[in-house]
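Residue numbers start from 1 in every chain, and the chains themselves are labelled A, B, ... in the order their sequence lines are given, proteins ahead of strands.
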Protein chains: 2
Amino acid sequence: MTAEGESPRRQSKGERTAGRILDVAEDLFARQGYEGTSLRQIARGAGIKEPGLYNHFAGKQALYEAVLHRALNPMAEAMAGQIESASRLRDYTDLPSVMTDLLLRHPQMAALFQQALQGDRESVGNQLVTQWLETLFQQGMRSLEGLEPAVTPNAQAQDRETLAINVIAMFNLTTGYFLSQRAFSILAQGDLQDPDNIARQKRLLHRVVRAMLVS
Amino acid sequence: MTAEGESPRRQSKGERTAGRILDVAEDLFARQGYEGTSLRQIARGAGIKEPGLYNHFAGKQALYEAVLHRALNPMAEAMAGQIESASRLRDYTDLPSVMTDLLLRHPQMAALFQQALQGDRESVGNQLVTQWLETLFQQGMRSLEGLEPAVTPNAQAQDRETLAINVIAMFNLTTGYFLSQRAFSILAQGDLQDPDNIARQKRLLHRVVRAMLVS
DNA sequence: GCGATAAATGAACGATCGATAATATTTGGG
DNA sequence: CCCAAATATTATCGATCGTTCATTTATCGC
């Protein structure tokens with residue numbers, strides 16, 4: 001999530017500094033993890049001294065949660081909008097593609113979410129992401145199980161566990177793509193964010209969804 | 001990787017202690033990450049004081065690399081054996097299933113590998129895992145691209161980028177499963193290591209591979 | 001069982017961590 | 001333009017990090 005594009009006079013100095021801090025912190029947290037990132041690094045990246053951070057955030061933990069919150073909100077809203085406006089059947093199965101487009105605009109969010117998800121269960125960060133996943137997964141479950149009979153009338157009903165495993169697979173497939181830039185450069189030259197490769201990934205996502213529906 | 005099952009007199013005291021240290025370190029590194037784990041924690045878990053660690057490992061970094069090495073070697077050998085003994089075509093497409101069985105015996109290795117893969121590019125740990133992935137991926141690529149015409153004579157040849165994306169997807173699908181226990185408990189009750197769920201996952205893996213082959 | 005060697009310990013080091021207090025500077029509304 | 005409020009800085013804190021050293025204790029081949 002990069003800084004808002006508003007005109008520099010619409011924001012007060014404090015707001016601009018807070019935005020810069022969030023930008024730097026998001027990048028560093030995603031690349032180095034929570035414990036691996038120091039407030040000194042963040043302050044230096046934002047062009048201020050360390051104690052200045054405390055004029056905008058209560059502490060390291062609060063800053064981390066603010067980063068997650070700012071990254072999670074647009075994603076949640078956009079996905080909610082997509083889900084709500086899904087009138088035709090195929091709109092539901094497009095969910096991974098939509099999520100890919102959203103992650104494409106903020107590629108480091110994938111790493112941020114995965115870390116928060118693997119992190120301390122009691123932490124606010126973990127609960128934030130877990131809560132988001134909850135609604136997302138519930139919707140994914142409803143999609144798969146609701147569509148299946150319509151699309152493939154002769155398909156047998158799948159048990160809840162299989163549905164869950166499928167939804168989780170789609171999530172891992174979608175986010176994992178953005179965590180695999182290094183692996184990709186081993187196998188082929190190029191950038192995973194290249195439109196051609198994004199198109200290839202979306203094609204794969206659709207094929208996998210279809211493979212899940214037709215059992 | 002749990003301690004060797006050898007009789008307690010076959011190992012010297014030092015070897016036994018080193019093994020305990022590796023066990024504890026592997027668990028903590030996988031759950032909390034490299035920076036998030038302190039040598040004090042590891043020492044306490046192994047039942048010794050902190051300086052005692054230095055009788056067995058040169059330092060934190062060396063201990064971390066030893067953990068990765070001990071976890072990576074059996075996996076690499078087992079996969080190499082599977083690949084070498086693959087006479088029939090389907091042996092190749094079974095590779096994700098074989099990897100699932102291996103990871104099932106040491107579920108925390110998935111987290112370990114992902115962390116090392118995302119971590120510092122210069123680090124020895126990253127290079128260790130990257131090197132392993134390289135051979136694994138090369139083999140996966142060769143499988144997919146070599147098998148395709150045989151299995152589906154009417155399928156068009158896929159470009160290298162698509163192959164790479166497919167191989168990466170299979171890797172993310174296979175390892176991501178073992179990182180998703182929390183997500184699974186949101187959607188359904190149960191343990192992802194339950195044989196029934198493992199069977200469901202393997203069924204999914206095979207379906208996805210098939211979906212990749214028949215373009 | 002003796003003795004060399006391996007292993008474990010207590011004490012302490014410098015470095016860095018997140019955080020606080022006191023002070024200086026800048027901002028921006030009246 | 002002024003002055004209260006917002007923002008930034010300097011100095012410093014205690015805690016914890018990884019690591020080292022000198023010493024004690026345990027191991028195990030002979």
Residues in side chain to side chain contact (heavy atoms under 4.5 Å, CB included) with D196(A), at least two apart? D194(A), R200(A)

List, one per line, each side-chain donor-acceptor pair under 3.5 Å for residues 57-67 of chain A, sequence neighbours excluded.
residue: K60(A); atom: NZ; partner: Y34(A); partner atom: O; Å: 3.0
residue: K60(A); atom: NZ; partner: T37(A); partner atom: O; Å: 2.7
residue: Q61(A); atom: OE1; partner: Y34(A); partner atom: OH; Å: 3.0
residue: Q61(A); atom: NE2; partner: E65(A); partner atom: OE2; Å: 3.2

Donor-acceptor check, side chain of [X] to backbone of [Y], threshold 3.5 angstrom: yes or no?
X	Y	result
N172(A)	N172(B)	no
E15(B)	S12(B)	yes
E161(A)	A188(B)	no
R182(B)	L117(A)	yes

Assess the side chains of R20(A) and T17(A): does a donor N or O sit below 3.5 Å from an acceptor N or O? yes

Rounded to whole angstroms, how far apart are [atom1] on [X] and [atom2] on [N]?
X	N	atom1	atom2	value
R16(A)	dA8(D)	CZ	C1'	14 Å
R44(B)	dA8(C)	CZ	C1'	18 Å
K49(B)	dT23(D)	NZ	C1'	16 Å

Partner set under salt bridge (charged side-chain N to carboxylate O under 4.0 Å, His left out) for R31(A), not counting sequence neighbours: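 Residues passing salt bridge (charged side-chain N to carboxylate O under 4.0 Å, His left out) with R31(A): D27(A).
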
For every nucleotide of nucleotides 16-22 of chain D, 5' to 3': is a protein heavy atom under 4.0 Å from its base (B), only from its sugar-phosphate (S), or from neither (-)? -BBBBB-

For the atom pair CG (L133(B)) and CZ (F171(B)), what is the distance rounded to the nearest 0.5 Å? 4.5 Å

Check: protein-nucleotides 3-7 of chain D nitrogen or oxygen pairs below 3.5 Å:
residue: dT7(D); atom: OP1; partner: G14(A); partner atom: N; Å: 3.3

Taking the side chain as every heavy atom from C-beta outward, state whether M212(A) and V208(B) have any pair of such atoms under 4.5 Å apart.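 M212(A) vs V208(B): side chains apart.
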
If you fit an axis to the five pairs at each end of the helix from dG1(C)-dC30(D) to dG30(C)-dC1(D), how big is the angle between those two axes, to 10 degrees? 30°

